[in-house]
Structures are given as C-alpha cells and as structure tokens.
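Here is the structure we will look at, set down as structure tokens.
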Amino acid sequence: MDGKMTLSAPGPTGTTPADRPAVVCRGVFMKIRNKEILHDVTFRVDQGQIVGLLGPNGAGKSTLLRLVAGLTPPTAGTVELFGESAGVSTLRYLAFLPDRGKMPGWVTVGEWLRFARDIYPDWDSGHAEELAEFLKVRRTARMSTLSRGEEARVQLLTCLARRSPLVVLDEPCAGVDMISREQIASSVISDFAGGSRTFIIATHDIREMENLFNQIILIGDGRILGVEDVEALRARGQSVESRYREVFS
Ligand SMILES: Nc1ncnc2c1ncn2[C@@H]1O[C@H](COP(=O)(O)OP(=O)(O)OP(=O)(O)O)[C@@H](O)[C@H]1O
C-alpha cells in the first residue's frame, strides 16, 4: 500500500439546509478566568469549503474551534452551524478532532473502532476499513501502547470515517512524521473535500496542508487578521505561507 492509494469520498449523511453557510461567527468574544481569549471574531464559512485556521501558538485557534463545535458557549456573540445556534443540537452535523483528545488507554484500536461504529449514526464502515488500511492502523494494539503519531492516526480515522457535513480538525497531524503528514494531507483529506462537506483545519503544518485550502482564516492574539480566498491570494502571486509570514512576522 502506498500514499497514492485512492480513497472513496463518501458524501454527508442527513440533511443540512443547502442555502445556509456551514459556520457563521458574529461578534464572538470569549473570556476565560477574566482573560480575553477571543475578541470580536466574525467570519463565515460556506458549505463545501476547506478552510485553514492559521495562527501562532496561543492565538486562540483551539478555543475558537471548541466554540464552533458547540462544546462551550461564547461570552458574547453568536456561533451558528447551518443556521442553528452551536450547541448540543448541532453535534449531529459535526465530526470534531480536538487538540488534546485522549483515547481510552485500556481498549484496543479494534474495540475502539467497533465502539465508534455503534455510537455514531453517520459511521461509514466500508470507509473506516479503507482508512484503517491506508493509515496503517494496528487494530490489535492497546491504545495506551500507541505512539503519539499512531494515536493521532486513530483519532483522524475516527473523524473521517463519519459522513458528517462538517469536519473540524484541530492539529490533525500533531506528532505525525513528515511523510505521513503529506500522505494525510494530500490523499486522505483532499479525497474527502471533493463534495459538499466542509472542513475547518487548524494547523501549523502550512507547507504540507496549504494546497488543500480554498480559504484561510488568520488569527492572532484572539483577533481575526484576515479571511482570504486562496485562489485570489495566488492570483496576487502569494502562497499561503508567504501571506502567513507577512501577517505574523
Ligand atoms: N482553560 C483556560 N484557562 C486559561 N487560559 C486559557 C484556557 N484555555 C486557553 N487559554 C489561553 O487562551 C489562549 C489561546 O489558547 P488556544 O489553545 O486557543 O490557542 P491556540 O491558537 O490553539 O494555540 P496552539 O497553536 O499553541 O495550540 C492562550 O493564551 C491560552 O493560554
């Protein structure tokens, strides 16, 4: 099996209002323990986009993605997914890979995948099989024995095997070696982005991932510093990386 193996790209299950943007944040502020983490964050992501959420350490990316996932409400402002206020009811639209998710150590990978199949109504078993092979996931291994990169692959598989209309990945390649990062970026995620699914991916791996994005959101110090169309950027002779350097250096 090599990195050129192609994967099928399942479309989303369930219905999402076709005329509604996948995500809209309006005037979002977030304070944690009296510290302002997000300041007046406003942006919109249309359906079918693959969006890079980019910014330096501590910029507020993970905090913002937790709000988008509906895991916590903003201090002020609104977050909507497909026209609905983000919260418990919008979890059905979403596969979320958090930055510090911990898998239960006592189960094997195979047991975890069977559990995931049983709890997620949008689980695609055929695609989970393909991904497990492609990502070289060892089913018999106990979670507690996996390396950081191996655990990251299982987490990624758990998200991508679902046919949710929105996929939110917070550092999907953290701890994954360079060649695997490229494989994940170019083969797995791009295969999935072909249809009407929407991806938001926070990453520091700009070089490996930049060809996937058709939109980037630049965030620094809790503020949106740019929402850019990547094609327009390229038409101006810039890459995502050069734009990132321009904004953040
Ligand atoms: N629970 C918390 N309590 C206090 N401060 C927090 C908490 N969560 C986040 N922060 C602070 O909010 C800021 C943004 O953190 P966040 O994890 O969202 O950044 P990030 O852009 O994802 O960073 P990285 O790229 O390093 O993962 C940081 O200064 C962080 O210390």
Side-chain angles (χ1 to χ4, degrees), residues 22-45 49-81 86-87 90-91 94-103 147-149 151-156 158-159 166-178 180-181 184-185 189 198-210 212-213 215-228 230 240-249:
V23 180
V24 178
C25 286
R26 283 192 203 94
V28 166
F29 288 77
M30 187 66 184
K31 259 190 187 174
I32 303 177
R33 293 189 199 125
N34 245 8
K35 180 179 171 192
E36 191 171 89
I37 314 284
L38 297 174
H39 181 91
D40 199 13
V41 167
T42 296
F43 66 88
R44 158 198 174 122
V45 174
Q49 299 293 303
I50 180 156
V51 178
L53 178 62
L54 310 177
N57 290 131
K61 301 181 295 297
S62 298
T63 306
L64 179 57
L65 292 185
R66 280 198 297 275
L67 299 186
V68 168
L71 301 182
T72 178
T75 310
T78 58
V79 182
E80 287 180 2
L81 269 54
T90 55
L91 287 174
L94 178 93
F96 180 45
L97 188 156
D99 65 336
R100 286 180 212 168
K102 252 306 191 202
M103 312 294 271
S147 72
R148 205 165 154 225
E151 187 172 337
R153 286 157 181 264
V154 177
Q155 289 180 320
L156 186 70
T158 308
C159 273
L166 176 63
V167 180
V168 175
L169 305 176
D170 194 352
E171 286 292 339
C173 296
V176 174
D177 64 79
M178 189 184 78
S180 304
R181 281 205 303 269
I184 286 170
I189 298 176
T198 307
F199 280 69
I200 303 179
I201 304 172
T203 185
H204 294 291
D205 299 306
I206 295 174
R207 274 189 207 151
E208 289 94 339
M209 308 285 270
E210 80 161 299
L212 302 178
F213 301 141
Q215 189 183 345
I216 54 168
I217 298 174
L218 300 167
I219 181 169
D221 208 12
R223 290 159 201 266
I224 298 295
L225 301 178
V227 177
E228 316 232 3
V230 173
V240 171
E241 186 183 348
S242 68
R243 180 68 184 135
Y244 183 95
R245 285 183 191 282
E246 194 173 84
V247 171
F248 293 110
S249 9

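Numbering of ligands and ligand atoms starts at 1, following listing order. The shown structure was predicted, so the numbers you read here are calculated from the model rather than taken from an experiment.
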**Q.** Side-chain donor or acceptor of Gln155 paired with backbone N/O of Pro172 under 3.5 Å
**A.** no
Q. Does any non-hydrogen side-chain atom of Leu81 lie less than 4.5 Å from one of Leu94?
A. yes
Q | side chain to side chain donor-acceptor pair (under 3.5 Å) partners of Ser242, counting only residues at least two apart | A | Ser239
Q: Select all protein residues for which some heavy-atom-to-ligand 1 distance is less than 4.0 Å, and list them by chain and number.
A: Ile32, Arg33, Lys35, Ile37, Pro56, Asn57, Gly58, Ala59, Gly60, Lys61, Ser62, Thr63, His204
Q: Under the ring-ring contact (aromatic ring centres under 6.0 Å, His included) rule, collect the residues that match up with Phe96, sequence neighbours excluded.
A: none
Q: Determine whether Val41 and Arg223 make a side-chain contact, defined as any pair of heavy atoms from C-beta on separated by less than 4.5 Å.
A: no
Below 3.5 Å, can you tabulate the donor-acceptor pairs from side chains in residues 63-72 to any protein atom, sequence neighbours excluded?
none

